[in-house]
Amino acid sequence: MSFIEAVILGLVQALTEFLPISSSAHVRVVGELMDPGQDPGAAFTAIIQLGTETAVLIYFWNDISRIIGRWFRALAGKVPHSDPDVRMGWLVILGSIPIGVLGLLFEEQIDYSLRNLYITSAMLILFGLLLGLADRIAPQRKELTQLTVRDGIIFGLAQALALIPGVSRSGGTITAGLLMGYKREAAARYAFLLAVPAVFASGLYKAAQEVPALLTADGRAAAVAAGEPSLMAMVVATVVAFGVGYAVIVWFMRIIENHSYLMFVIYRVVAGLVLLGLLWFGVIDPLGGA
């Protein structure tokens with residue numbers, strides 16, 4: 001992977017991570033278009049997401065630091081467990097369990113078979129239509145202060161669906177939130193908070209697997225021979241994803257205050273149909289050369 005390709009994939013990651021359009025699908029497809037027959041890989045995708053998720057930490061720093069601080073104070077008996085921030089801390093932990101368990105149980109399928117682009121195109125279209133339906137029919141009255149244990153689990157299960165490229169972590173959780181009656185901003189805010197432990201756990205787990213080997217000469221040579229991204233490509237893409245990602249969060253949170261998700265629904269359906277066309281005409285390989 002060249003420097004320019006790493007920058008492009010970092011930009012793609014940043015521009016799509018927070019929008020309900022699936023960043024993993026876009027990184028997968030753009031990587032395939034730039035280098036036919038080569039999938040950037042699930043590990044590369046998970047690692048560069050550390051950049052965009054660091055942007056989430058900064059944007060929501062006041063909320064995150066307050067929640068973590070009060071959660072630990074509650075453990076020490078200095079704050080009641082009924083405190084809203086303490087409850088939010090527990091609900092984020094609870095909601096993170098499904099994606100962690102399923103991610104480990106189905107790691108091989110997630111890394112390989114579920115990256116089939118026919119599956120990706122179907123998920124783009126299907127979950128785009130579900131998002132549009134939820135945005136249209138849901139009452140959207142509830143705030144995050146009304147979040148229950150049941151809702152937290154449902155949010156977590158919806159986030160776990162994003163293990164399939166094309167679903168979208170934010171899209172899946174926002175859709176679930178809307179269907180449960182939460183306001184657009186509340187659903188999006190919780191989707192971002194819920195993603196923090198999941199993305200950092202996944203990214204650091206994959207980094208621990210990939211990076212040590214890439215620090216050795218033999219590891220670098222093996223990566224080149226296999227057509228896999230280098231350590232420098234991962235670093236460059238991650239840094240770019242962080243820098244641009246922050247601006248995208250700011251824009252997205254402002255957009256959803258006064259607008260529906262219609263533009264994202266249309267985009268998802270069109271992108272899914274275009275991807276199907278590219279696959280049918282043999283322009284790209286559904287399995288990335290696997």
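Side chains included, hydrogens not; waters and symmetry mates left out as well; all remaining heavy atoms used.
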Is it true that a side-chain atom of [X] and a backbone atom of [Y] form a donor plus acceptor pair closer than 3.5 Å?
X	Y	result
Ser202	Ala198	no
Lys142	Lys183	no
Gln140	Leu178	no
Ser170	Leu19	yes
Asp135	Tyr261	yes
Arg87	Leu147	yes

State plainly whether the residues Lys206 and Asp111 are in salt-bridge range, i.e. N to O under 4.0 Å.
yes
Working to the nearest 0.5 angstrom, can you tell me the gap between [X] [atom1] and [Y] [atom2]?
X	Y	atom1	atom2	result
Leu179	Ile137	CG	CD1	6.0 Å
Trp251	Ile256	CH2	CD1	10.5 Å
Glu185	Ile255	CD	CD1	13.0 Å
Asp151	Ile154	CG	CD1	5.5 Å
Asp85	Trp90	CG	CH2	14.5 Å
Ile125	Leu129	CD1	CG	7.5 Å

Hey, are Gln209 and Tyr205 close enough side-chain-wise for a donor-acceptor pair under 3.5 Å?
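Note: Tyr205 and Gln209 side chains meet the donor-acceptor criterion.
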Compile the donor-acceptor pairs under 3.5 Å between side chains in residues 7-17 and protein atoms, sequence neighbours left out, one pair per line.
residue : atom : partner : partner atom : Å
Gln13   : NE2  : Glu17   : OE1          : 2.9
Gln13   : NE2  : Thr52   : OG1          : 3.0
Thr16   : OG1  : Val12   : O            : 2.6
Glu17   : OE1  : Ser23   : OG           : 2.7
Glu17   : OE2  : Arg169  : NH1          : 3.3

Decide yes or no on side-chain contact (heavy atoms from CB on, under 4.5 Å) for Leu50 and Phe200, but give the supporting numbers first.
CA-CA 6 Å; Leu50 292 173; Phe200 272 103; 3.6 Å; yes
Among the clusters formed by ILVMFWY side chains lying less than 4.5 Å apart, do [X] and [Y] turn up in the same one?
X	Y	answer
Leu126	Ile164	yes
Val199	Tyr59	no
Ile4	Val244	yes
Val250	Ile58	yes
Leu105	Ile153	yes

So do [Y] and [X] actually touch side chain to side chain, heavy atoms under 4.5 Å?
X	Y	answer
Arg189	Met253	yes
Thr173	Leu194	yes
Arg66	Asp63	yes
Val92	Ile67	no
Arg141	Gln146	no
Tyr246	Thr54	no
Ile249	Phe192	yes
Arg115	Thr45	yes

Should the heavy atoms of other residues, nucleotides or ligands under 6.0 Å from [atom1] of [X] be counted, would the total exceed 12?
X	atom1	answer
Phe72	CZ	no
Phe60	CZ	yes
Met263	CE	yes

If every non-hydrogen atom of [X] is compared with every non-hydrogen atom of [Y], which pair is closest and at what distance?
X	Y	result
Phe18	Gly245	CE1-O, 3.3 Å
Ser96	Pro197	OG-CG, 3.1 Å
Ser168	Gly171	OG-N, 2.8 Å
Glu32	Leu117	CG-CD1, 4.5 Å
Gly181	Pro139	CA-CG, 4.0 Å
Ala25	Thr120	CB-CG2, 3.4 Å

Pairwise ring-ring contact (aromatic ring centres under 6.0 Å, His included) hits with a residue in residues 149-179, at least two apart
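Passing the test, one end in residues 149-179: Phe155-Tyr182, Phe155-Tyr190.
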Check the pair Met180 / Arg150 against side-chain contact (heavy atoms from CB on, under 4.5 Å), numbers first and verdict last.
CA-CA 10 Å; Met180 289 187 289; Arg150 187 210 67 155; 4.1 Å; yes
Verdict with reasoning, Leu163 to Leu114, per side-chain contact (heavy atoms from CB on, under 4.5 Å):
CA-CA 8 Å; Leu163 292 168; Leu114 288 178; 5.7 Å; no
For residues 268-282, dump all side-chain donor-acceptor pairs below 3.5 Å to protein atoms at least two apart in sequence or in another chain.
residue : atom : partner : partner atom : Å
Arg268  : NE   : Leu124  : O            : 3.0
Arg268  : NH1  : Pro20   : O            : 2.9
Arg268  : NH1  : Val167  : O            : 3.2
Arg268  : NH2  : Met123  : O            : 3.0
Arg268  : NH2  : Leu124  : O            : 3.4
Arg268  : NH2  : Gly166  : O            : 2.5
Arg268  : NH2  : Val167  : O            : 3.4

